[in-house]
Amino acid sequence: MEYNFNEIEKKWQQYWIDNKTYKVTINPEKPKFYVLDMFPYPSGAGLHVGHPLGYIASDIFSRYKRLNGFNVLHPMGYDAYGLPAEQYAIQTGQHPAITTENNIARYRGQMDKIGFSYDWDREVKTCEPDYYHWTQWAFIKMFEHYFDNDAKKALPITELVAHFEKKGTEGINPAQSEELSFTAKEWNSKSEKDKLITLLNYRLAYLADTMVNWCPALGTVLANDEVKDGVSLRGGHPVEQKLMRQWLLRVSAYADRLLEGLDTIDWSDSLKEIQRNWIGRSEGAEMVFKVKDSELEMKIFTTRADTIFGVTFMVLAPESELVQKLSKPEQLKEVEDYLEQTKKRTERERQTEVKKVSGVFTGSYAINPLSKEEIPIWVSDYVLAGYGTGAIMAVPAHDSRDFAFARAFNLPIPQVVVPKGQEPGDTSTWSDSIDSKEGTLINSGFLNGLSVPEAIEKTQQYISEKGIGKIKVNYRLRDAIFSRQRYWGEPFPVYYKDGIPYMLNEDELPLELPEVDKYLPTEKGEPPLARAKNWHTKEGYPLEVNTMPGFAGSSAYYLRYMDPKNNKELVSKEANSYWKDVDLYIGGTEHATGHLLYSRFWNKFLYDLGKVCKDEPFKKLVNQGMIQGRSNFVYRINGTNKFVSFNLKDQYDTMEIHVDVNIVHNDMLDIEAFRAWNPEYHDAEFILENGKYICGWAIEKMSKSMFNVVNPDTIVEEYGADTLRLYEMFLGPLEQSKPWDTNGIDGVHKFLRKVWRLFFDRDGKLIMSDEKASAEEFKVLHRTIKKTVDDIERFSFNTAVSSFMICINDLNSLACNKREILEPLLVIMAPFAPHITEELWQNLGHSQSICDAQWPEFNPDYMVESVVQYPVSFNGKMRFKLELPADINTKEIEAAVLKDEQAIKWTEGKEIKKIIIVPGKIINVVVA
RNA sequence: GCCCGGAUGGUGGAAUUGGUAGACACGCAGGACUUAAAAUCCUGUGGCCAUUGCGGCUGUGCGGGUUCAAUUCCCGCUCCGGGUACCA
């Protein structure tokens with residue numbers, strides 16, 4: 001009987017379903033372990049071999065933990081809302097719910113064939129009302145809370161209101177959009193409407209007019225993490241800045257906690273670094289510059305207060321409100337022209353034309369609070385409205401942007417910092433600003449002679465005392481825009497009364513997504529939901545027509561898995577206090593600044609509410625690398641239908657053509673399949689080398705257009721799921737990106753057949769012996785157990801697979817068929833190749849699934865050696881090996897080496913200076 | 001520009017704490033079995049030199065350094081990948 005993977009895999013996949021092998025429930029008797037995969041967006045293309053890489057790794061870890069006595073939560077679901085389904089709906093008129101459901105079914109089918117140990121009873125789909133009920137619920141809660149900077153947590157907005165009623169804004173420190181200050185009397189005299197408008201300034205979910213990334217092609221706004229290089233991440237469409245009234249989440253309030261939390265979690269350094277950069281904390285000072293002959297003031301943020309004597313002009317962002325106020329009548333026309341001109345530039349142009357200096361003088365002057373000098377105020381788009389205060393003090397000598405600007409407009413460039421070991425220079429000869437992070441202050445009044453850090457300290461002290469400014473921390477992280485002008489997303493639980501937003505009652509949730517006649521904006525340009533009939537409350541108030549963005553549904557899904565059927569709350573106390581947090585999260589780095597930041601924010605908010613018991617949701621995170629495509633090429637001789645093999649192509653004038661990698665094996669073209677692949681090639685002729693047609697290859701992105709997409713189904717059919725699992729792991733380190741290359745897959749498949757033959761003879765008879773195993777056999781087994789444990793624990797699955805190969809090769813040469821050895825071996829291989837091990841396990845007479853077997857304990861006694869093969873080196877170069885008893889001491893080893901014949905040959909005529917002996921490891925003889 | 005990774009045979013990769021570089025696998029070459037093929041098994045396989053035997057030299061992107069000993073640590077570069085950017 002041969003290893004019939006098709007039959008075996010089908011059999012066990014059915015067995016696992018029938019026996020609910022992977023169903024998991026709360027069990028206080030056992031320690032919990034939560035292994036999570038980033039759930040997929042079910043696209044129309046189905047899974048390709050890159051997707052399961054992380055799933056296989058997490059599955060191995062889950063099974064490993066289960067065999068070690070843990071109660072393992074290992075769920076899967078779908079991030080089902082999203083743009084592609086809607087785009088498709090627009091084109092075809094098909095309801096996105098239907099295409100999404102179809103795609104999910106396809107994904108599920110593909111995943112089932114790989115033999116994952118998911119508890120499918122816990123499946124979630126973000127587009128189902130039972131699920132988004134809790135997305136909407138969380139939104140209402142955010143609306144009803146504000147962030148208290150002193151308590152460093154979210155508190156009910158009612159507490160803020162109570163404070164306002166008694167003391168106004170006095171003595172309270174809330175996170176806010178705009179710094180407001182009013183007395184209790186002022187608050188109490190506000191109208192109800194005014195109060196509600198004012199409160200939006202504090203709510204964690206709030207409505208505001210903000211500059212948004214508007215993507216005309218997608219007809220929606222996008223969050224910062226959905227935009228890259230001025231184009232949408234999805235589709236690559238241009239994005240422009242637009243002022244719109246939008247829902248936002250006050251993520252910035254949690255900036256400090258998001259930053260500090262990174263120190264407590266086990267994520268890769270690079271990922272933590274990406275998040276740190278994205279949060280972008282910078283300490284500095286906020287300073288006030290008075291405007292000459294005016295009551296107005298300019299507020300700026302700087303990290304380099306020490307360079308204030310080097311300021312020769314001020315710059316406002318074009319979007320700043322001060323621009324209008326500060327522009328003198330004689331300059332107004334010019335300023336307005338400039339604003340018009342910058343408005344026209346898209347974000348993309350603004351970024352690509354970084355070097356192009358532009359700006360306009362307002363006609364106003366500011367007064368340097370320290371030097372009392374009058375300095376001109378300019379407007380330029382190199383200053384961003386969204387960061388700091390939207391205004392800067394320009395220090396041209398020590399900032400390259402300010403330098404370029406000063407040069408372009410002939411503004412003075414005084415040097416104020418001299419780098420260590422240098423003399424003050426003539427700035428008119430400079431081609432760029434000079435670095436000023438270290439050095440000594442000059443031309444700076446009372447700061448002269450101080451070092452940079454001393455000067456920063458002294459200036460900050462001075463401006464605080466004089467009330468010119470204050471020390472301030474700024475963040476790059478901005479609040480997340482939460483509205484999308486699209487159909488296929490969660491509806492907001494919001495209605496409007498007199499233009500003011502109100503939340504639905506919790507008992508009215510979920511607010512289900514309505515049907516619409518078309519998935520397009522209305523004539524008036526309103527989002528698709530405005531087409532829905534009866535889209536208002538019982539009382540007739542209109543409901544919100546925006547929907548939530550993609551990251552809404554993925555921000556708390558890991559909590560829902562703990563208690564997926566609960567219709568009273570997101571997750572019960574009981575379930576949350578048992579499962580707590582995700583112990584291992586595996587997914588791609590592409591979510592570093594989106595999902596992984598938002599869900600940490602979302603979780604921290606729920607933590608503040610007391611709904612979850614952990615401040616950080618994902619204890620350990622591992623990024624799997626991307627699987628790239630490996631394309632194959634054929635070479636057609638120009639003007640013919642003749643194809644020449646790779647190594648002969650230089651002799652002809654050829655054209656490189658992509659060929660479907662599925663009809664190429666080990667770079668060898670299946671000529672018949674090629675002829676059938678495309679009618680154009682039906683009569684193709686070939687120039688072969690050694691009777692074969694060899695294809696060229698290249699590493700490219702896996703995509704349909706390059707014909708290099710490989711589906712897991714194809715591999716499963718040809719080699720089986722166990723081979724696919726082993727091979728994806730064997731390909732290399734999990735975290736590394738690598739091309740999919742099937743050239744080595746025969747090796748792992750051959751390995752599984754060897755395993756099979758250890759159990760069955762040629763006639764399919766089980767050859768299992770109950771004889772006592774030899775010391776040698778035990779040594780092989782226990783060496784493998786130890787290696788496997790070490791490798792799994794450090795996510796080095798590729799070396800674990802090779803240790804299995806070594807083990808099987810060794811047992812083969814020992815002709816070992818002893819139950820004592822093979823049974824534990826099956827258990828340690830089970831996480832990697834669950835089907836074949838189940839089958840063999842059953843053949844050994846077990847009636848229970850191998851999933852519930854016990855992990856064999858490593859016994860070091862079997863590893864003890866009586867002799868050591870010492871490598872003997874001379875001056876660090878290994879020359880020969882010397883077998884010595886393991887229990888002799890250093891002196892004895894030295895003596896043994898010195899009298900060894902080969903050692904004598906190497907030391908002949910030379911002086912032995914030293915002999916280094918690391919017992920059990922190495923001997924190194926140092927000779928002159 | 002800045003930050004973070006990485007570079008090892010023809011290929012994917014291994015070497016976990018500074019201690020035998022190239023495990024394991026693919027590919028290739030040769031051989032066994034076979035009428036033949038497939039499957040399977042055996043041998044060899046970093047490079048150069050010597051191959052009549054032992055063997056010798058060299059080698060982990062490049063150039064230095066530390067050390068008895070460096071793929072591993074330090075300094076300086078080159079190239080590749082990722083993140084990020086008029087962030088004041």
Side-chain angles (χ1 to χ4, degrees), chain A residues 2 228-229 268-278 280 282 284 300-304 307 315 317 350-351 353-357 380-384 386-395 398-402 404-405 474-478 589-590 592-593 623 625-626 630 666-667 697 727 730-733 735-739 741-748 750-751 753-754 757 762 787 790-791 793-794 796 798-807 809 812 869-881 905 913-918 920-927:
Chain A
E2 266 297 296
K228 216 196 144 197
D229 298 330
S268 73
D269 288 337
S270 77
L271 200 74
K272 287 185 184 184
E273 210 45 41
I274 291 171
Q275 290 220 339
R276 282 192 194 107
N277 291 340
W278 191 261
S282 66
I300 59 100
F301 174 76
T302 179
T303 53
R304 293 298 304 275
T307 58
V315 188
R350 207 167 146 163
Q351 284 187 8
E353 295 168 12
V354 162
K355 290 280 167 312
K356 221 161 121 187
V357 180
S380 174
D381 64 1
Y382 84 86
V383 175
L384 302 177
Y387 183 78
T389 60
I392 59 149
M393 61 177 213
V395 185
H398 305 292
D399 180 287
S400 61
R401 298 152 302 176
D402 297 344
F405 195 85
N474 231 320
Y475 297 94
R476 200 180 82 92
L477 181 71
R478 285 184 246 171
T589 5
E590 65 271 23
T593 51
N623 290 120
M626 279 232 300
R630 187 179 188 277
N666 291 343
D667 291 334
W697 58 272
Y727 187 58
F730 189 64
L731 220 44
E735 307 202 22
Q736 207 169 294
S737 282
K738 55 229 153 187
D741 178 353
T742 46
N743 283 353
I745 201 165
D746 290 324
V748 272
K750 214 187 282 178
F751 157 73
R753 285 207 301 263
K754 279 190 203 166
R757 280 203 310 276
R762 277 177 190 280
K787 178 86 175 129
D790 289 353
D791 287 351
E793 294 281 354
R794 67 191 175 102
S796 178
N798 56 329
T799 52
V801 174
S802 72
S803 77
F804 292 144
M805 290 175 169
I806 295 167
C807 177
N809 288 347
N812 242 325
Q869 283 275 342
Y870 276 101
V872 183
S873 309
F874 293 82
N875 291 343
K877 279 201 181 87
M878 206 283 286
R879 294 303 180 182
F880 61 91
K881 282 173 194 162
K905 189 189 111 189
K913 290 179 120 174
K914 211 197 282 184
I915 299 182
I916 296 187
I917 292 162
V918 184
K921 275 260 155 102
I922 196 173
I923 297 162
N924 187 20
V925 183
V926 186
V927 293

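All chains are named by letter (A, B, ...) in the order of the sequence lines, taking the proteins before the strands, and each is independently numbered beginning at 1.
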What does P739(A) touch in the nucleic acid at a heavy-atom separation under 4.0 angstrom: a base, only the sugar-phosphate, or nothing?
->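 It contacts nothing in the nucleic acid.
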How is R478(A) classified with respect to the nucleic acid when contacts are heavy atoms under 4.0 Å: base, sugar-phosphate, or nothing?
->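 Contact class for R478(A): base.
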Is [X] near enough to [N] that one of its side-chain N or O atoms lies under 4.0 angstrom from OP1 or OP2?
| X | N | result |
| --- | --- | --- |
| R476(A) | A85(B) | yes |
| R753(A) | A39(B) | no |
| Q736(A) | G13(B) | yes |

With sequence neighbours excluded, tell me which residues meet side chain to side chain contact (heavy atoms under 4.5 Å, CB included) with K754(A).
->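 K754(A): side chain to side chain contact (heavy atoms under 4.5 Å, CB included) contacts with R757(A), I808(A), N809(A), N812(A).
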With D399(A), which residues qualify under side chain to side chain contact (heavy atoms under 4.5 Å, CB included), at least two apart?
->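 D399(A) satisfies side chain to side chain contact (heavy atoms under 4.5 Å, CB included) with R401(A), D402(A) only.
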Whole-Å [atom1] distance, [N] and [M]:
| N | M | atom1 | value |
| --- | --- | --- | --- |
| G9(B) | A14(B) | P | 13 Å |
| C3(B) | A25(B) | P | 43 Å |
| A32(B) | G18(B) | P | 50 Å |
| C41(B) | G46(B) | C1' | 26 Å |
| G44(B) | C24(B) | P | 12 Å |

What nucleotide among [options] has an atom nearest to a side-chain atom of [X]?
| X | options | value |
| --- | --- | --- |
| M878(A) | C4(B), U20(B), C68(B) | U20(B) |
| N924(A) | C57(B), C3(B), G19(B) | G19(B) |
| I916(A) | C68(B), A88(B), C3(B) | C68(B) |

Interatomic distance, [X] [atom1] vs [N] [atom2] [rounded to whole Å]:
| X | N | atom1 | atom2 | answer |
| --- | --- | --- | --- | --- |
| D381(A) | A88(B) | CG | C1' | 15 Å |
| N277(A) | G1(B) | CG | C1' | 14 Å |
| K914(A) | A69(B) | NZ | P | 9 Å |
| D399(A) | A85(B) | CG | P | 17 Å |
| L477(A) | U84(B) | CG | C1' | 14 Å |
| D269(A) | C3(B) | CG | C1' | 12 Å |
| D790(A) | U16(B) | CG | C1' | 8 Å |
| I274(A) | G83(B) | CD1 | P | 7 Å |

Passes salt bridge (Lys or Arg N to Asp or Glu O under 4.0 Å), D746(A) versus K750(A)? Steps please.
-> CA-CA 6 Å; D746(A) 290 324; K750(A) 214 187 282 178; over 6 Å; no
What does nucleotides 22-31 of chain B look like as a protein-contact string, B for base, S for sugar-phosphate only, - for none, at under 4.0 angstrom between heavy atoms?
-> -BBSSS----
Quick one: classify the glycosidic conformation of G9(B) as syn or anti, with syn meaning within 90° of 0.
->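 Syn conformation for G9(B).
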Test ring pair (Phe, Tyr, Trp, His ring centres under 6.0 Å) applied to F804(A) - qualifying residues, sequence neighbours left out =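 Scan of F804(A) (ring pair (Phe, Tyr, Trp, His ring centres under 6.0 Å), adjacent residues dropped) gives F832(A).
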Of all residues at least two apart in sequence or in a different chain, which pass the ring pair (Phe, Tyr, Trp, His ring centres under 6.0 Å) check with F751(A)?
->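 If we apply the ring pair (Phe, Tyr, Trp, His ring centres under 6.0 Å) test to F751(A), skipping adjacent residues, there are no hits.
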Going by modelled atom types, is there a donor-acceptor pair between the base of U58(B) and the side chain of K877(A) at under 3.5 Å?
->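 No pair found.
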S737(A) (side chain) donor-acceptor with M626(A) (main chain) under 3.5 angstrom =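 Indeed, once roles are kept as given, a pair shorter than 3.5 Å links the two residues.
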In what stems does RNA chain B take part, counting only runs of at least 3 consecutive Watson-Crick or G-U pairs whose two distances fall under 3.5 Å?
->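 Output for stems: B:1-7 with B:78-84, B:10-12 with B:24-26, B:27-32 with B:40-45, B:46-49 with B:55-58, B:61-65 with B:73-77.
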Interatomic spacing from OH in Y870(A) to CZ in F880(A) - rounded to 0.5 Å |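 One finds 13.5 Å between OH of Y870(A) and CZ of F880(A).
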